[in-house]
Amino acid sequence: MKSYWLMKSEPTAYSIDNFQKDKTTFWNGVRNYQARNFMRDQMKVGDQVLFYHSNTEPPGVAGLARVVKAGYQDHTELDPKSKYFDPKASPDNPIWFMVDIAFVKKFKNFVDLDLLKTAPGLEKMMVVKRGSRLSVQPVTAKEFEIVEKLGS
DNA sequence: GCCAACGTTGGC
DNA sequence: GCCAACGTTGGC
């Protein structure tokens, strides 16, 4: 059973255009337990992802991605020079996880947050709720389909 | 740049 | 284990 996700990135740090150039990327630096658990326990190869631009004007879904490698140790937690370093982690005791995702497409129409908020069928999406800070969020198949249509 | 929401930390 | 203080996220 395939699952669907929304992943947030600040375009000043990593945008859909960077992603399109790279083709694939690892999603390191998530330091939130809820988001960690989704990546570690639930994301599977083949799952589809809405690539979301946050903390920008306007915020919204910029395109699509696909999971190509399931959860594994976020090795930046082992690097003392990294800002993601976690002294409690070791190769045998991974604490933080990441996944690899592949670029699928950049939307012809950027689906901004206003549109997400008003589109029928998306009322329950986590990202439209106030104060929703989670950077990796589950979405339903139906929600994914609606957003994909809005973007194409 | 402000600040509300919310997660994390640490004193007790 | 409570909760105040603090830090971060992210829309506006």
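Letters go in sequence order (proteins before strands), and every chain restarts at 1. Everything numeric here is computed off the predicted structure, so don't read it as measured data. Values below: every heavy atom of this structure, side chains too, minus hydrogens, waters and symmetry copies.
For A/Arg36, the CZ atom is densely surrounded, since the number of other residues' heavy atoms within 6.0 Å is greater than 12. With a 6.0 Å radius and a threshold of 12 heavy atoms from other residues, nucleotides or ligands, A/Lys124 has its NZ atom at or below the threshold.
Rounded to an integer number of Å, the gap from A/Glu10 CD to C/dT8 P is 13 Å. The separation between A/Lys129 atom NZ and C/dG11 atom C1' is 16 Å, rounded to whole Å. For the pair A/Leu134 CG and C/dG10 P, the computed distance is 9 Å after rounding to whole Å.
Position along DNA chain B of the nearest nucleotide to A/Gln34 versus A/Asn55 favours A/Asn55 as the more 5'-ward residue.
Judged by atom type and distance alone, A/Arg133 reaches the base of B/dA5 through a side-chain donor-acceptor pair under 3.5 Å.
The phosphate of C/dG11 (OP1 or OP2) has a side-chain N or O of A/Tyr52 nearer than 4.0 angstrom. OP1 or OP2 of C/dC12 lies within a sub-4.0 Å distance of a side-chain N or O belonging to A/Lys117. Taking only side-chain nitrogens and oxygens, A/Lys8 comes nearer than 4.0 Å to OP1 or OP2 of C/dG10.
Aromatic ring centres of A/Trp96 and A/Tyr33 lie closer together than 6.0 Å.
You'll find that the side chain of A/Arg130 is closest to B/dA5, out of B/dA5, B/dG7, C/dG10.
By the 6.0 Å and 45° rule, A/Lys83 does not stack over the aromatic ring of A/Phe85.
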